[in-house]
Amino acid sequence: MDMQQQIEQVRTRIQWAIAHSYVDRYIQPRIIDEDRISFALSMLRSAQVEENIALDYVFAMMLIQLALDTHDEVDGQQIMQKKQLTVLAGDLYSGLYYDFLAQRHDISLIRRFAEAIKEINIQKIRLQQLSSDDLERFHCIAIIESALLRQLAEHVHAHEWGELAYYLFALKRVHREGAKSTALMNYIDHCQRKLQDLLPFHAYEEVKERFSHLLV
Amino acid sequence: MKLKAMYSFLNGDLNKIEEQLKLTVQASDPLVNEASLHLLEAGGKRIRPVFVLLGGQFGTYHFEKMKRVAVALELIHMASLVHDDVIDGAMLRRGKETIQAKWGDRFAMYVGDYLFARALEQMCEIDDPVAHHILANTIVEVCRGEIEQISDKYRFDQNLRRYLQRIKRKTALLIAASCQLGAVVAGAPEAVHKKLYWFGYYVGMSFQITDDILDFIGTEKQLGKPAGSDLSQGNVTLPVLYAMRERTLKEQIMKVNEHTTSHEMAHVIDGIKQTNAIEKSYELGDRYLQKALNILQKLPRNRAWTALYNIAKYIGKRKY
């Protein structure tokens, strides 16, 4: 399978796994981040992980990502039923990741991802406490965006990919966030310099191509 | 006999589990610590750890393993309570401010997810695929049950089977898993841990039915909320289903909605109490309890057996 077919397969599996006739009536269709899938697949390929196993790993990781993203949408302004189902949908996706990896008897990866979930949520709480001009925000964002990928990288002994994920996905998020303060522009510059050091040596062409816009 | 006295021989281990819970929820962020300890200090019966430890007594009881499972189950329960309070918009739990009331919805979501991750970390100390499979499947089913509860709100056309399926997922499965997991991790034979599963399942069903009855007959002081709150929130419970067998009352019940006033609700609740719905609900609760006790007869006798027997009896008689 080529990369695009693999991405499609992961996407289809996720959509099938999370489909719920009642929940889907009330919450928006989930956005599945192809960049993340593509990055993870490239990483696993470079670590020579078998294709079927790689697809399983990425499927599980993306279920968690969806769970966490879904819980980010919970807010006091939502109408009650939508809020309730947003909470429960996120919980269900978390349960599905655990159930899937438990069926694969992959306890070490359950542990890795649990570590990432823990780290991400601590950083999300930390981020809420920081002022908009606090430089620590960028570190929080980088962890929130990359912890799952970094844990997966550790799991397959592809450590250098973890560092790449840290800068790439932080950069992707801050690009998306709009308002460009001096601190933010400096951080973008810092990430770009780091990536220019890292990218040529480690990443596959697909990764360079997919993320090239972030380096401009 | 008080509930705690029924398993006093576990006190030492339960204290160590309490300590482990405190250690496990500690985080690098002080606010996460504060929120987690706030939850732990609110207390609770810790009935799931109790069931794990009792289940473990039917195999080779190895406390370090039991501790991991017990802590994992209690943390999963705590995480679900934090998220449930967001779902219900609850301001108080066990007389203390809820996490969402104190710090907001989004914060509560993150704390719940953090506790879930901590639970899985504890569980990952157990290298037993069967145990993980049981727990993971239970978590998924419990979530599906909670979604069902929302989809069934104000649906007065549902039948008894639907209600039973809902309370199974809402309550019985986690108690069943607690009893079973202790035995699984202690290496008890399949025939034994499956019986413990069914014991927990029947006890859980009976427990929830009693809870649903008490919602109608308990006082506001005993319940910590106004009587009939379940129906006011659209939850169609067993007494309601039985009461709806009377045509006139059925028409009144079917008019209940989000805008029903407390005066109108009081009238409906009185109507339900005047039928034989409460009595019939108790009968069904007792039938589940009897099934639990029957299963217990097939298990080897030890002090855990006696504790489980007494707990089941206690649950059948509880008044609040």
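Below, chains carry the letters A, B, ... as their sequence lines are ordered, and counting in each starts from 1. Side chains are part of it too, since the values below use all heavy atoms of this structure and drop only hydrogens, waters and symmetry mates.
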Exercise for review: Check whether B/Ile126 gets within reach of chain A through its side chain, its backbone, both or neither, counting any heavy atom under 4.5 Å.
Suggested key: backbone
Point to revise | Interface residue of largest heavy-atom contact number with chain B, from A/Ile107, A/Ile117, A/Ile122, under 4.5 Å | key: A/Ile107
Practice item. Quick one: which of B/Leu135, B/Val142, B/Ile139 has the most heavy-atom pairs under 4.5 Å with chain A, could you say? Key: B/Leu135
**Study point:** Which atoms of A/Val74 approach chain B - backbone, side chain, both or neither, heavy atom under 4.5 Å
**Key:** both
Study note, to complete from the structure: Rounding to 0.5 Å, atoms CD1 (B/Ile147) and CG (A/Leu85) come to a distance of 6.5 Å
With 3.5 Å as the limit, can you list every donor-acceptor pair between chain B and chain A, backbone and side chains included?
unit_1: B/Asp29; atom_1: OD1; unit_2: A/Gln129; atom_2: NE2; d: 3.4
unit_1: B/Asp29; atom_1: OD2; unit_2: A/Gln129; atom_2: NE2; d: 3.3
unit_1: B/His83; atom_1: ND1; unit_2: A/Asp91; atom_2: OD1; d: 2.8
unit_1: B/His83; atom_1: ND1; unit_2: A/Asp91; atom_2: OD2; d: 3.2
unit_1: B/Ile87; atom_1: O; unit_2: A/Gln84; atom_2: NE2; d: 3.0
unit_1: B/Asp105; atom_1: OD2; unit_2: A/Gly76; atom_2: N; d: 3.4
unit_1: B/Asp105; atom_1: OD2; unit_2: A/Lys83; atom_2: NZ; d: 2.8
unit_1: B/Arg106; atom_1: NE; unit_2: A/Asp72; atom_2: O; d: 3.2
unit_1: B/Arg106; atom_1: NE; unit_2: A/Val74; atom_2: O; d: 2.7
unit_1: B/Arg106; atom_1: NH1; unit_2: A/Asp72; atom_2: O; d: 3.4
unit_1: B/Arg106; atom_1: NH2; unit_2: A/Asp72; atom_2: O; d: 3.3
unit_1: B/Arg106; atom_1: NH2; unit_2: A/Val74; atom_2: O; d: 3.4
unit_1: B/Tyr110; atom_1: OH; unit_2: A/Asp72; atom_2: OD1; d: 2.6
unit_1: B/Asp113; atom_1: OD1; unit_2: A/His71; atom_2: ND1; d: 3.1
unit_1: B/Asp113; atom_1: OD2; unit_2: A/His71; atom_2: ND1; d: 2.7
unit_1: B/Glu121; atom_1: OE2; unit_2: A/Lys118; atom_2: NZ; d: 3.2
unit_1: B/Cys124; atom_1: O; unit_2: A/Arg111; atom_2: NH2; d: 3.2
unit_1: B/Glu125; atom_1: OE2; unit_2: A/Arg111; atom_2: NH1; d: 3.1
unit_1: B/His132; atom_1: ND1; unit_2: A/Tyr98; atom_2: OH; d: 2.8

Review point. Has B/Leu23 got more than 12 heavy atoms of other residues, nucleotides or ligands less than 6.0 Å from its CG?
Key: yes
Practice item. Look at A/Ala102, A/Gly90, A/Ala67 and state which one has the largest set of heavy-atom pairs under 4.5 Å with chain B. Key: A/Ala102
Study note, to complete from the structure: Given B/Cys124, B/Pro30, B/Ala27, the one with more heavy-atom pairs under 4.5 angstrom with chain A than any other is B/Cys124
Review point. Side chain, backbone, both or neither: which part of B/Val111 has a non-hydrogen atom closer than 4.5 Å to chain A?
Key: both
Practice item. Can you tell which part of B/Ile87 gets under 4.5 Å to a heavy atom of chain A, answering side chain, backbone, both or neither? Key: both
